[in-house]
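Notes follow once the structure below has been shown.
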Protein chains: 2
Amino acid sequence: MRPSYKSIITALKRHGHKLTLQRRAVIDVITSSQDHLTPAAMFEKVRQDHPGIGLVTVYRTLKLLTELNLICELRTADNCPSYTAGTSEHHHHLVCSGCGKVVDFASPRLIERDVAKLEGKLSRENGFRIDEHLLEFTGLCELCQKAQASSV
Amino acid sequence: MRPSYKSIITALKRHGHKLTLQRRAVIDVITSSQDHLTPAAMFEKVRQDHPGIGLVTVYRTLKLLTELNLICELRTADNCPSYTAGTSEHHHHLVCSGCGKVVDFASPRLIERDVAKLEGKLSRENGFRIDEHLLEFTGLCELCQKAQASSV
DNA sequence: GTCTAAATGAAAAATATTATCATTTACACT
DNA sequence: AGTGTAAATGATAATATTTTTCATTTAGAC
Ligand SMILES: [Mn+2]
Ligand SMILES: [Mn+2]
Ligand SMILES: [Zn+2]
Ligand SMILES: [Zn+2]
């Protein structure tokens, strides 16, 4: 379930953080978009309604929201990190290596079960305490496939 | 199976690339170490035997070897990319978020089969052509767990 | 309204990576 | 062995992203 503007604000307050205009602006942008946005893209959107905001503040806000687990941080190979309000629930990513498009998906219970089992085995064998896992698919979205086909 | 210095050299030659002293030096370092090394760490090691080499050359060599699939490139959230000669075969990573230690593992056939099935489903549902997948576990290695325990 | 710690923004610094380009060099061919 | 040439190198600068510093502002407790 996508956390709403309101639920994020409430959580921030609950954790004793101040509700500044700048934070509200960033949260507004991130909850209003379906896409994963980079800090720079976020900054561009925010400054439309709120010129004078600093890029630094966007970085700081994203860091804070990530630490509080209120937004989803995605780091793929090529692109710089991006963020969505899209569900803090456990999910995974399908990423287009052409345009950076991201599709969130919940992996089937079957896989999660197998992964958990593997996690146990790896933990035992290597003495690790395992905190999380990440399953990511990379490929080309429909548009990028077409673009590639027509360019060849 | 870990590609040896020699096998990498042979592959480079086969692809028509020149065998410069600098490339040999980088390949020597990467095949002599078990660990995932960052470009910077690689540079430090290489310049011991080969002062005068440029960091740029290390970057270029790593890029080349990665493109030819002769080494394994790993990109995790916090650290910058790192590389090993460790097997170009399909495998996954267990990463310590404390010290960056990396354990390579081959995932069980069971998981690979399920993942392939999921790949098909996601591909159909989203119109993606999926090229690869990545399964990564993050946690704390034995030492970092101890360090954490004693610091609390 | 006052006070104070937290938050902001401007600027600079730190990091990581890539581009430019003159110089060097591996190696294919004599 | 010597020559020519395209590929590779390294110095330098440029780019991109993120973090630090610090003086100023401000949210929210009282
Ligand atoms: Mn999962
Ligand atoms: Mn796999
Ligand atoms: Zn795409
Ligand atoms: Zn560790």
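In this text the structure is predicted, and so the values were computed from the model without any measurement. We name chains A, B, ... by the order of the sequence lines, and we start the count at 1 in each one.
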Side-chain donor-acceptor contact under 3.5 Å, Asp104(B) with His92(B)
no
Of the listed nucleotides (dA7(C), dT17(D), dT9(D)), which one gets closest to any side-chain atom of Tyr59(A)?
dT17(D)
Ile27(A) vs Leu65(A) side-chain heavy atoms within contact, under 4.5 Å
yes
To check you understand the geometry: which heavy-atom pair defines the closest contact between Lys18(A) and Arg23(A), and what is its length?
O-NH1, 2.8 Å
Residue Leu21(B), side-chain heavy atoms: nucleotide from dT9(D), dA7(C), dA26(C) that is nearest:
dA26(C)
OP1 or OP2 of dA8(D) sitting under 4.0 Å from any side-chain N/O of His17(B)?
yes
Give a yes/no on whether any side-chain N or O of Gln22(B) is located under 4.0 angstrom from OP1 or OP2 of dA8(D).
no
If you assign each of Val56(A) and Leu64(A) to its closest nucleotide in DNA chain C, which residue comes earlier from the 5' end?
Leu64(A)
Who are the ring-ring contact (aromatic ring centres under 6.0 Å, His included) partners of Phe137(A), not counting sequence neighbours?
Phe105(A)
Establish, with yes or no, whether the OP1 or OP2 oxygen of dA7(C) is under 4.0 angstrom from a side-chain nitrogen or oxygen of Arg23(A).
yes
Where the side chain of Arg60(B) is defined as all heavy atoms beyond and including C-beta, which of dT8(C), dC27(C), dG10(D) is the nearest nucleotide?
dG10(D)
Please tell me if Thr20(A) has a side-chain N or O lying less than 4.0 Å from either OP1 or OP2 of dA7(C).
no
Mapping Lys18(B) and Thr57(B) to their closest nucleotides on DNA chain D, which lands nearer the 5' end?
Lys18(B)
